[in-house]
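In what follows, chains are A, B, ... by sequence order, proteins preceding strands, each numbered from 1. In this text, all values refer to a predicted model and were calculated from it rather than measured experimentally.
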Amino acid sequence: MLFNLFKFKGGVKPPTNKTQSTTLPIAAAPLPSRLVVPLHQSIGGTPRPVVEAGDRVLKGQLIGQADGWISAAVHAPTSGTVVEVAMHVQPHPSGLDALCVVIAPDGKDEWIARTPLDYAALTPEAVREHLQQSGVVGLGGAVFPTHGKLTASKTVPMEELIINGAECEPFITCDDLLMRERAEEVVRGIGIFRDLLQPKKVLIGIEDNKPEAAAAMRAAVETLGEDFAVVQVPTLYPAGGAKQLIRVLTGKEVPASKRSTDLGVQCFNVATAYTAWRAIAHGEPVVSRLVTVTGNVHHPRNYEVLIGTPMDELLKLAQPHPDTDGIIMGGPMMGFLVPQASVPVVKATNCLIAHDDRLFPPKAPEMPCIRCGACAQACPHELQPFEMYWFSRAKNFGKTQEYAIFDCIECGCCSFVCPSRIPLVQYFRFAKSEIWAREREKNAADQAKSRFEFKQLREEREKAEKAEKLAKAAAAQAAKKAAEAAAAAAAEAQPAAGEAAPASQAVAAVDPEKAAKRATIEAAMARAKAQREAAQPKNTDHLTPGQQKEVAEIEARRSGSRIEDRGSSEPAPAEPAAPTSPLDPNN
Amino acid sequence: MLPPAPFLLKDTSVSQVMIQVCVALIPGIAAYAWLVGPAILAQLVIATLAALAAEAAMLSLRGKPLGLFLSDGSAIVTAWLIALTFPPLAPWWLVATGTVFAIVVAKHLYGGLGQNPFNPAMVAFAVCIVSFPALMSQWPSIGLELPFVDQVNIILGLAPRVDALTGATPLDALKTALKLGDGSIDVVRLLADQDVYGNFAGRGWEWVAAGYLLGGLWLWHRQLITWHIPVAFVGALVAISGALWLFNPAQFANPLFHLFSGGAMLGAFFIATDPVSGCTTPRGKLIFGAGAGLLAYIIRVFGGYPDGVAFAVLLMNLCAPLIDLLTQPPIFGMKDKA
Ligand code: SF4
Ligand code: SF4
C-alpha cells in the first residue's frame with residue numbers, strides 16, 4: 001500500500017544493537033525461587049492486597065484489587081504460597097520501597113479456572129471492566145491502565161487507531177519478537193481495540209529495521225481478513241514515542257496540553273494488544289511479559305518472564321560476563337540503573353541490559369555549553385534544550401517553564417548529541433522535580449492559610465454565639481427556677497448509659513493474630529500512601545466517580561506523551577521522581 | 001541520585017567540533033600560503049602559541065582544569081581566525097597582542113568558553129585596526145617575490161619593513177581609486193586593467209576566498225553549521241551589491257567581486273556562524289546572517305575601513321540575544337497557535 005508518511009523534527013540515530021537478541025526465539029524463563037509482585041504496577045491508585053501470608057494462591061488469582069477507575073488489578077504469576085505482604089525495594093531509580101506480595105512457587109504452575117469471553121456479546125463497559133480486572137496496562141513502558149484509554153472522545157470522531165510496534169530504543173527487541181512469533185494474537189487484540197473505539201483507520205507502525213516483524217504482521221492481518229495498514233516507518237529514535245509515531249503516521253501533532261483523542265487518535269503498544277487478547281479470549285490476566293535480556297551477556301535473548309521474577313535470576317539465564325556492574329531497566333536512552341539486582345520484573349520492564357564500561361563508556365567531563373544548537377536540532381519536541389539548561393542551572397524555574405520544560409519527554413536526544421557532554425536531561429528532571437516541590441509547598445501553604453482563616457472565622461462566630469448564649473441564659477435564668485422541681489425527677493434516669501462498649505471490643509478480639517497482620521498491612525499501605533502523597537501532590541484517593549473519570553482523562557492525556565516502548569519513562573509509580581507532573585501547567 | 005540516562009552518547013566533543021573547524025580552514029589557508037605568501041603559516045604559529053599561552057594563564061588564574069580546557073581547541077580556532085584576518089606581514093607582536101586580547105578580555109573576562117557575547121577574533125581585529133590603523137592596512141603586494149625566511153624576518157622585526165613590499169587590498173585599492181577619481185573612474189575598466197585584480201575579484205585572494213567557501217560547505221555537510229547564516233549573509237551581500245551595481249555599474253563593483261573579496265567568505269562561513277556569539281534560532285540565524293552581510297557591505301563600501309566584516313559581525317553580536325528572544329520557534333504541537 002502506498003502510504004504517505006510525515007516527518008517529525010529532530011531525532012537521533014544511536015547504534016541499534018538489536019540483532020544480538022533476535023537470533024534466538026522467545027524462551028520461557030523457568031520458575032524463579034520466589035516472586036516479589038509489587039501491588040502498584042500501573043499509573044493510578046495502588047491496588048489493595050486481598051491475600052495474606054500463608055494463603056495458597058493459584059496462577060492468575062487476584063492478589064491486588066484495583067483501587068479506583070484508574071488502577072489495574074494484580075494477579076499471582078504462578079501457584080504457590082504467599083510468604084508475606086511487605087515493603088520491598090522497587091525497580092525505580094529512587095530505590096524506594098513499596099508494598100509487594102511475595103510468593104513461594106509450588107512448582108505446579110496451576111491456573112485458576114480460566115473463562116474465555118465472547119467480547120462481541122458484551123457491552124463496551126463490561127469489556128473495559130474485564131480488561132481492568134485482568135490487569136491489562138500499557139506494556140510499552142507507560143503502564144497506563146488500558147481500559148482507561150478505550151473510550152472515544154464524545155465530541156471528536158475517532159479517526160486513527162495507532163498501534164505502536166516501532167520499538168525505537170536501541171537493544172530492545174521484545175516487541176519485535178512478539179510480532180514475529182505471535183502476530184496473529186496481536187492482530188486479534190488490535191481488533192478488540194478497534195471494536196471499542198470504532199476508528200476510521202487502524203495503522204500499525206513498525207520501524208523499518210524490523211522487516212520480519214512487519215512481514216509477520218502483514219501476513220496475520222491478511223489471514224484474519226482485517227483492513228489494518230502495516231506501515232514501516234523510518235528508523236529514527238524516538239519514532240516509538242507515542243506523539244512521534246502519531247505524527248509520522250497521521251501528520252497530527254498532539255501538544256502537551258491535549259489528549260490524543262481530542263485530535264481523533266489513540267495509540268497502543270503491540271504487547272498491550274496481545275495481553276488484551278489473552279485476557280479476553282483465554283481468560284488469562286497479565287502475569288508475565290516478554291523481556292529482552294541483553295548487553296554484556298553471553299546469550300542475549302527474549303524471555304517470557306513472570307511478573308515478580310527477581311532481575312538477577314533472570315539475568316543469569318543469559319549468562320552475564322563477570323565484569324557486569326549493573327542492570328539497566330529499559331533502553332540505553334531512557335532506562336535507568338536499578339537500585340539493586342534483586343528487584344522484581346514488573347509490567348513496565350521491557351528490557352534488562354547488563355551494564356559494563358565497554359558498552360557504555362563513562363562519560364567525559366562536562367564542558368560549558370557552546371550554544372552550538374545541536375541539542376535543539378535533535379529535540380523531537382522542537383524545544384530549546386540549551387536555554388532550558390541555562391535556566392535550570394541558574395534555578396530560574398519560571399523561565400524553564402516559559403521554554404516549555406514540561407513538553408520535554410526526557411527522550412535524551414539532546415544529551416546524546418551534546419558535544420559538551422552536558423547531561424541535559426538530568427538538569428530537566430531536576431528542574432521539573434523542583435517545580436513540583438515548590439508547587440506542593442505552595443499548596444500546603446495555601447491550605448494552612450485557608451485553615452487559619454477558617455479558624456478565625458469560626459472563633460468570631462463562636463464569640464458571637466457566646467454573646468447570644470449569654471443573653472439567652474439571662475433570659476433563661478428566670479424560667480429555670482420554675483423548672484427546678486421537674487429537673488429533680490429527671491435525674492433519676494441517668495445510670496442506664498455506657499454499657500454498649502465492651503461488646504464491640506469482643507468482636508474485634510475474635511482473631512487477634514489476623515487483626516494484627518491486617519493492621520501491619522494497613523499500616524504499610526498507609527505508609528505507601530503517605531509516601532506517594534508526599535511525593536506527588538495528588539488527592540485522588542477519595543473521589544466521586546465523576547472526579548475519577550476526570551482524573552482518568554487527564555492521566556490518559558498525559559500518558560499520550562509517553563514514549564511507548566520503554567520502561568523508564570513511567571517508572572513504577574509510587575515514587576517521587578515519576579516524570580508525570582500532576583501539575584503540568586498545560587493540563 | 002538522578003538517573004544518568006542516556007547511557008549511549010554520540011561520539012562527539014567540543015575538541016572534535018573545533019578540530020573540524022580548523023580542518024575546514026585548511027583549503028583557504030593552502031591557497032593563501034600558495035598564492036599570497038607563506039608568511040601566513042608563520043602568523044598561524046604565532047597566533048596559536050599566543051592563544052594557548054593566554055588561555056593557559058587565564059585558566060589557571062580562574063582555577064579551571066588546564067588539560068580539559070586547553071584541549072578543547074576553541075582558543076586555536078580564535079587564533080587562526082585572527083591570523084587569517086590580520087595582514088600576513090604584520091609584526092609578530094601585533095598578532096600576538098590581538099590574540100592575547102581576544103583570549104583574555106573578549107573570552108575569559110566574560111566567563112570563558114561559551115560565555116563571550118562577542119566573537120573574540122573580531123574583537124581583536126576591531127581593537128587592532130582602531131589602535132594600529134597603519135600596520136593593519138599594510139598588505140603584501142601580490143606577486144611579491146620574497147623568500148619565506150625574509151618574510152619571517154620581517155614579521156619578527158629582524159628585517160626592516162619596506163613600504164614597497166606592501167600595498168592595499170583589492171577592496172581598499174578600489175575604494176581609494178574611486179575616491180581619488182571622484183566620479184571619473186569606471187569600475188569595470190579598473191577591475192579589468194589593474195594588476196591587483198584577477199579573474200573575478202582580487203588576484204590570488206579570490207582563490208583564498210574560494211578555499212574558505214569549500215571548507216564552509218564541508219562544515220555544512222558535516223552538520224557543524226546550518227545553512228541559515230551563510231546563505232543569509234551571502235544572499236544579503238549579493239542583494240545589496242547587486243542592486244547598487246545594476247543601478248550604477250561604473251561606480252559599484254559587481255556582487256561576485258564583493259563575495260570573493262576581503263573577509264566575506266570567511267565571515268559568512270566561519271565567523272558569523274560562531275554559535276556562542278551568534279543567534280541560535282533558525283529565523284534568528286537568517287536575520288543575523290542577513291544583517292551581517294548588509295552591514296559588511298555598507299561599511300566596506302561607504303565606511304572608513306577597508307573591510308566591514310568584523311564590525312558587521314560585532315554589531316550583530318550585540319543584537320543576537322534580542323533577535324533570539326523574538327524569534328523563538330513554535331514547539332511540537334503548538335504551530336497553529338504561534
Ligand atoms: S548541544 Fe550542548 S553545547 Fe550544544 S547548545 Fe546544546 S547544550 Fe549547548
Ligand atoms: S529530552 Fe526533552 S529537551 Fe531533550 S531532546 Fe528529548 S524532549 Fe527535547
Side-chain donor-acceptor pairs under 3.5 Å in residues 214-221 of chain B, sequence neighbours left out?
none

Problem - chain B contact via P423(A) - side chain, backbone, both or neither, heavy atoms under 4.5 Å - result: neither

Exercise for the section: Enter the distance from C418(A):SG to K10(B):NZ here, rounded to the nearest 0.5 Å. Expected result: 11.0 Å

Completion exercise
Under 4.5 Å to a heavy atom of chain A? For Q115(B) that would be side chain

Handout entry: I331(B) backbone acceptor or donor facing E382(A) side chain under 3.5 Å
Key = no

Exercise for the section: Under the salt bridge (charged side-chain N to carboxylate O under 4.0 Å, His left out) rule, collect the residues that match up with K252(A), sequence neighbours excluded. Expected result: E159(A), E160(A)

Exercise for the section: Side chain from CB out, backbone as N, CA, C, O: work out which of these in A404(A) comes under 4.5 Å of a heavy atom of chain B, or both, or neither. Expected result: side chain

Completion exercise
If one checks every heavy atom of N116(B) against chain A at 4.5 Å, the contacting part turns out to be neither

Problem - Region of V254(A) in contact with chain B, defined by heavy-atom distances below 4.5 Å - result: backbone

Practice task
Classify the angle between the aromatic ring planes of H381(A) and F332(B) as parallel (below 30°), tilted (30 to 60°) or perpendicular (above 60°).
Solution key: tilted

Practice task
Compare all side-chain heavy atoms of S415(A) with those of P6(B) and state whether any distance is below 4.5 angstrom.
Solution key: yes

Practice task
Please state whether the side chain, the backbone, both or neither of P380(A) comes within less than 4.5 Å of a heavy atom of chain B.
Solution key: backbone

